[in-house]
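Please read all numbers here as calculations on a predicted model, not as lab measurements. Counting begins at 1 with the first residue of the sequence.
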Amino acid sequence: MKNYDAIILGAGIAGATTAFFLTQKGYRVLVLEKERISSGNSQVAGAFLSPKMSKPSPYKTYLNDAFLFSVTFYKTYFPSLFKQCGLLKLPLNEQDTVRLQSYEASMDIAWEKRGKDYFFPEAGLIEPQLLIKALLEGIEVKEHTKPETIAYHDRWQVDDVTATHLIIATGSSDLPLDIPYLRRKNIGGYRYDTQFEGMQHITHNIHRECSFSCYHDDKVIIGASYLPSDTDLTKAAYHDSDRLLEKAATLHPLKDAKILKRYSGYRSCTFDYFPAVGKVVDAKMTLTQYPHIKKGSRVPASSYIHHPNLYLHTALASRGFVFAPFNAM
């Protein structure tokens, strides 16, 4: 039976960044992927890297800290896969103009005012599938492998391999272990790789209702749709049911537009949009020890009972390429 320091379930951006940092620290890592590398939520992503513009909140602080860290990470380790072209954020209407103006005093990311619009020079986009493959270079990955048995006996055993640590980094709605307190929802979406006349003149990303990338590698990416979990996404992408092209045309003329490729899939997120990261609580043992939690009593997080060496890195929603390096570090 082969032994590792860590087994990671999932070879998307969450699993790949986790594997990268653990390997940097000298861990022997095995990544198991039920389909193929970057085949789930990560392949659908346009991989736009952008900060959050809003009133102060813990989520905004967390996201913008992750944004700054990830930009530095990509520039340091994968500069050829990161295009720092900046982002121009446009208000939806006059009411939205007033709302965005109210956020100016609390802006914590470099920005410039361009008329009514806001330009973030540090924003950009990443090459998703190439990045994930680069992160996993030299790391043992088994594709098309869905664990049949997962058990803990002094070490974690996943089928015929063992490890000290087990990290669940799958974006799938079906987790390989039961974690009853982790409530997630799926957001459906699709995006297009497009070509059209004049696309070479687009030098930065643009956002208003949808995201519209700078010209890069002979294409422009149009994405960021949010559809119910029961949507037939393949059909929605084919018929453009979320009107991505119509929305994009308000940002730049799409003369003689041609769709090169369609992507569709679901993103998993928590109900407060924070990623699910860290040690996994043993809910059964914790409730046995502190049954009054069910009645609303508070128990310090330090008192929770955790599964030994079991961790989560999931539910990154639409910010996976912003959150993942920060969480994994």
Centre of Phe271's six-membered ring, under 6.0 Å away, within 45 degrees of the axis: is that where NZ or CZ of Arg184 sits? no
Can you sort out the partners of Pro56 under side chain to side chain contact (heavy atoms under 4.5 Å, CB included), two or more places apart, ordered by chain and number? Ser106
Could you tell me if Ser211 and Arg191 have a donor-acceptor pair between their side chains, going purely by distance under 3.5 Å? no
Between Tyr118 and Glu104: side-chain donor-acceptor atoms closer than 3.5 Å: yes
Quick test of your reading of the model: are Lys2 and Glu140 salt-bridged, counting only N-O distances below 4.0 Å? yes
Before accepting this row, confirm whether a basic side-chain N of the pair Arg114/Glu112 lies closer than 4.0 Å to the acidic partner's carboxylate O. yes
Salt bridge check, Glu94 against Lys116: does any charged N sit closer than 4.0 Å to a carboxylate O? yes
Could you pull out all residues at least two apart from Asn205 that satisfy side-chain hydrogen bond (donor to acceptor under 3.5 Å, both in side chains)? none
For the residue pair Thr164 and Trp156, what are the closest heavy atoms and their distance? O-CD1, 3.5 Å
ring-ring contact (aromatic ring centres under 6.0 Å, His included) partners of Phe326, counting only residues at least two apart: Tyr62, Phe69
Evaluate the side-chain proximity of Glu127 to Asp217: yes if any heavy-atom separation is below 4.5 Å, no if none is. yes
Mind checking whether Tyr238 and Arg262 have side chains closer than 4.5 Å, heavy atoms only? yes
Can you confirm whether the side chains of Asp282 and Tyr304 place a donor and an acceptor under 3.5 Å from each other? no
Co-membership, hydrophobic cluster, residues Ile221 and Tyr215, 4.5 Å side-chain: no
Residues Arg208, Asp96: salt bridge by 4.0 Å N-O rule: no
Would you kindly say whether Arg155 and Thr162 are connected by a side-chain donor-acceptor distance under 3.5 Å? yes
